[in-house]
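Reviewing the structure listed below.
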Amino acid sequence: MKTTTAPLSFIGNQWIAGEGMPFRIVSPYSGETNTSVAANTKEEVNKAVETASKATLQWANTSSEKRETILKQYAELVRSNADQIAKCISDEVGKPAWEAATEVTTMAGKIQLSIDAYHQRCSAFGNGDARTRFKAHGVMAVFGPFNFPCHLPNGHIIPALLAGNTVVFKPSEKTPRSSSWIVQLLLEAGLPEGTIQLVQGLKETGEAVANHARIDALAFTGSAQTGEFLGKTFAENPGKMLALELGGNNPLVVWGKNDLNAAALTILQSAFITAGQRCTCARRLIIGKDGASDQILKLVCEKAATLRVGPPDCSPPPFCGPVINEEVALQLLKAQEQLVSQGAQILAPLKQLKPGTGLLQPGILDVTDVKKREDSEFFGPLLQVIRVDSFEEAIEEANNTRFGLVSGLLSNEEDLYREFYSKARAGLINWNYPLPGASGAAPFGGIGRSGNLRPSGFFAADYCSYPVASMEKSTLSFPETPLPGLW
């Protein structure tokens with residue numbers, strides 16, 4: 001397949017091809033190179049940030065009604081281009097067509113949710129002479145991930161623009177074409193010049209943005225390792241806002257009598273949707289040692305071996321596509337091999353379905369006898385099973401992680417859920433629901449190594465602006481009773 005260098009950066013109010021080194025975009029399901037994109041240089045990043053900085057005052061002073069009108073028009077453009085956007089997502093990430101379409105629908109629906117959240121969270125208030133209003137930070141950087149190249153950065157960009165910030169967007173280097181749809185349609189919707197800039201590149205490009213003196217805030221979705229790096233970078237600049245949405249070593253506890261098929265389906269969906277490439281996917285299945293648990297586990301393993309995995313256009317439609325590339329697939333296979341060497345038992349083998357690609361048949365390992373389990377997020381379709389003797393031990397095991405994104409319980413006993421909820425350490429706690437698929441009308445964020453206590457979703461409005469308290473009156477007047485000794 002012929003490689004071309006595409007002009008996918010938007011800097012200084014024009015689409016350009018970067019002047020830095022090109023990087024390849026490889027299809028996760030065919031292994032072929034789709035295209036290459038030129039990274040932006042440090043000088044180009046500087047121009048993008050400076051352009052956004054010059055536009056901050058005008059955009060911040062634009063009425064909220066005008067900003068909302070533009071973003072509602074953007075939502076309509078997303079809907080009218082939904083098929084093309086979804087096709088682009090499938091091509092770059094390998095998602096099945098049905099899932100890519102769902103991502104675009106969620107992307108469009110985010111606009112009204114963000115407007116509602118902004119009015120609820122950031123409405124001016126006060127009485128008498130006291131007033132509280134909200135101001136934009138200025139230039140807000142948004143770093144997007146590959147697994148939801150449109151939905152997740154969209155969830156930061158829209159609240160940022162609503163609050164009056166200008167935005168410098170740096171998408172994942174694995175999804176430059178999908179991500180560029182956001183900028184293209186925002187511009188078509190009437191976003192003023194300078195309000196949004198799009199830079200492309202690898203780690204160096206991200207560092208150039210994060211370290212720029214004129215960046216006032218940064219929202220990041222991605223790995224804990226990168227989040228920790230950004231945390232250290234911003235620690236020297238406490239006046240700059242940093243919102244981190246990171247991963248999780250998420251536990252799903254199954255306890256008591258459950259509908260066999262419903263429990264198995266919920267486990268499979270929790271662990272393997274999007275090929276396990278959601279930060280909310282179940283990584284650890286914690287289950288008892290009784291006969292009912294044996295039945296559930298047996299069915300889950302049987303179904304995992306027959307889950308349809310394939311490229312987006314295969315028929316019948318697959319449940320999940322590939323992981324993002326072969327390198328990640330091989331890392332996951334190595335992780336399976338290492339766990340087996342430490343005492344894990346393979347219940348359903350993780351297998352590469354096509355050399356050169358990220359296509360994997362999901363795997364399930366019983367790691368109960370592994371003495372020192374690594375507290376890591378295996379970002380792919382690899383589920384670890386831990387058998388325990390009691391519900392108390394199940395909760396203890398669920399909390400045995402530095403992460404704290406999502407935790408879930410499958411049980412028909414409400415008393416067990418109340419106990420689980422009171423003791424679980426996570427920002428999202430689900431009962432008889434799959435772990436992935438949080439509501440956009442709720443806050444989204446974790447504790448521990450899963451974030452920095454700035455939840456996104458409905459609460460994104462909170463970190464996209466800051467409150468300004470004022471004491472105000474229209475006329476300067478002499479007080480009836482001056483302070484003693486002053487006058």
Side-chain angles (χ1 to χ4, degrees), residues 5-23 25 36-60 62 70 74 136-145 149-150 152-154 156-161 163-222 226 229-230 233-234 237 240-243 464:
T5 301
L8 291 177
S9 302
F10 187 78
I11 296 174
N13 304 314
Q14 61 179 334
W15 291 97
I16 65 167
E19 296 182 357
M21 290 292 293
F23 55 94
I25 311 301
S36 72
V37 177
N40 292 121
T41 63
K42 190 173 182 179
E43 291 73 22
E44 288 171 323
V45 167
N46 182 64
K47 183 177 180 180
V49 178
E50 293 291 341
T51 301
S53 181
K54 290 175 182 176
T56 53
L57 189 58
Q58 180 182 356
W59 181 241
T62 300
I70 292 171
Y74 163 72
H137 296 290
V139 182
M140 188 165 169
V142 173
F143 289 0
C150 292
L152 288 178
N154 182 75
H156 292 307
I157 291 170
I158 299 306
L161 292 172
N165 299 284
T166 58
V167 172
V168 176
F169 175 31
K170 192 257 176 225
S172 167
E173 67 275 11
K174 299 177 180 68
T175 55
R177 290 190 299 124
S178 300
S179 306
S180 67
W181 272 101
I182 297 173
V183 176
Q184 179 182 328
L185 296 184
L186 281 169
L187 294 170
E188 288 184 25
L191 205 64
E193 288 189 354
T195 311
I196 191 162
Q197 306 287 299
L198 173 64
V199 298
Q200 304 280 3
L202 307 177
K203 178 181 177 182
E204 295 76 15
T205 305
E207 290 179 352
V209 175
N211 288 309
H212 199 286
R214 289 187 179 273
I215 291 292
D216 301 296
L218 190 152
F220 169 76
T221 303
T226 302
F229 166 78
L230 291 171
T233 300
F234 274 64
N237 297 281
K240 298 188 176 188
M241 193 288 302
L242 177 65
C464 289

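- Smallest separation of non-hydrogen atoms from Phe234 and Leu218: CZ-CB, 3.6 Å.
- Inter-residue side-chain proximity for Pro153 and Ile182 is flagged as met; some heavy-atom pair is nearer than 4.5 Å.
- Residues passing the side-chain hydrogen bond (donor to acceptor under 3.5 Å, both in side chains) test with Thr226 are Ser223, sequence neighbours excluded.
- When the side-chain contact (heavy atoms from CB on, under 4.5 Å) test is applied to Ala48, the partners found at least two apart in sequence or on another chain are Ile11, Gln197, Val199.
- Evaluation of the side-chain hydrogen bond (donor to acceptor under 3.5 Å, both in side chains) rule for Asn40 yields Ser9, Glu44 as partners, not counting sequence neighbours.
- Take Phe23 and apply the ring-ring contact (aromatic ring centres under 6.0 Å, His included) test, not counting sequence neighbours, and it matches no residue.
- Identified under the side chain to side chain donor-acceptor pair (under 3.5 Å) test for residues 201-213, with sequence neighbours left out: Asn46-His212.
- To the nearest 0.5 Å, atom CZ of residue Phe10 and atom CZ of residue Phe169 are 14.0 Å apart.
- Residues Ala160 and Met140 approach most closely at CB-SD, 3.6 Å, considering heavy atoms.
- At least one donor-acceptor pair closer than 3.5 Å links the side chain of Asn165 to the backbone N or O of Cys464.
- With Lys240 contributing its side chain and Ile215 its backbone, the two residues share a donor-acceptor pair below 3.5 Å.
- Looking at Thr233, its side chain does come within 3.5 Å of a backbone N or O of Phe229 through a donor-acceptor pair.
- Between Pro176 and Ile25 there is a side-chain heavy-atom pair separated by less than 4.5 Å.
- Judged by distance alone, with hydrogens and angles left aside, the side-chain atoms of Asp216 form a donor-acceptor pair with the main-chain N or O of Val139 at under 3.5 Å.
- Annotation: side-chain contact (heavy atoms from CB on, under 4.5 Å) contacts of Lys174 (sequence neighbours excluded): Phe146, Ser172, Ile324, Asn325.
- Remark: Glu188 engages Leu77, Gln184, Leu185 in a side-chain contact (heavy atoms from CB on, under 4.5 Å) (not counting sequence neighbours).
- Side-chain contact check for Arg214 versus Glu50: some heavy-atom pair is nearer than 4.5 Å.
- Panel note: side chain Ser180, backbone Arg177; a donor-acceptor pair is recorded below 3.5 Å.
- Glu173 meets the side-chain hydrogen bond (donor to acceptor under 3.5 Å, both in side chains) test with no other residue; sequence neighbours excluded.
- Looking only at side-chain heavy atoms (C-beta outward), Phe220 and Val142 stay at 4.5 Å or farther from each other.
- Closest heavy-atom contact between Ala38 and Gly20: CB-O, 4.0 Å.
- In this structure the side chain of Leu186 never reaches within 4.5 angstrom of the side chain of Ile70, judged on heavy atoms.
- Minimum interatomic distance between Lys42 and Ala208 (heavy atoms only, all atoms of both residues): CG-CB, 4.4 Å.
- In terms of the side-chain hydrogen bond (donor to acceptor under 3.5 Å, both in side chains) criterion, His137 has no residue partners (sequence neighbours excluded).
- Judged purely by atom type and a 3.5 angstrom limit, Thr51 uses its side chain to pair as donor or acceptor with the backbone of Lys47.
- Using a 4.5 Å heavy-atom cutoff, the side chains of Cys150 and Thr175 are not in contact.
- Side chains of Leu198 and Trp15 form a contact here, defined as non-hydrogen atoms less than 4.5 Å apart.
- Summarising the geometry, atom OG1 belonging to Thr166 is positioned 11.0 Å from atom CG belonging to Leu57; distances are rounded to the nearest 0.5 Å.
- Taking Thr221 as the reference, Pro145, Leu152, His156, Glu245 meet the side-chain contact (heavy atoms from CB on, under 4.5 Å) condition, with sequence neighbours excluded.
- Using a 4.5 Å heavy-atom threshold, the side chains of Tyr74 and Leu191 count as separate.
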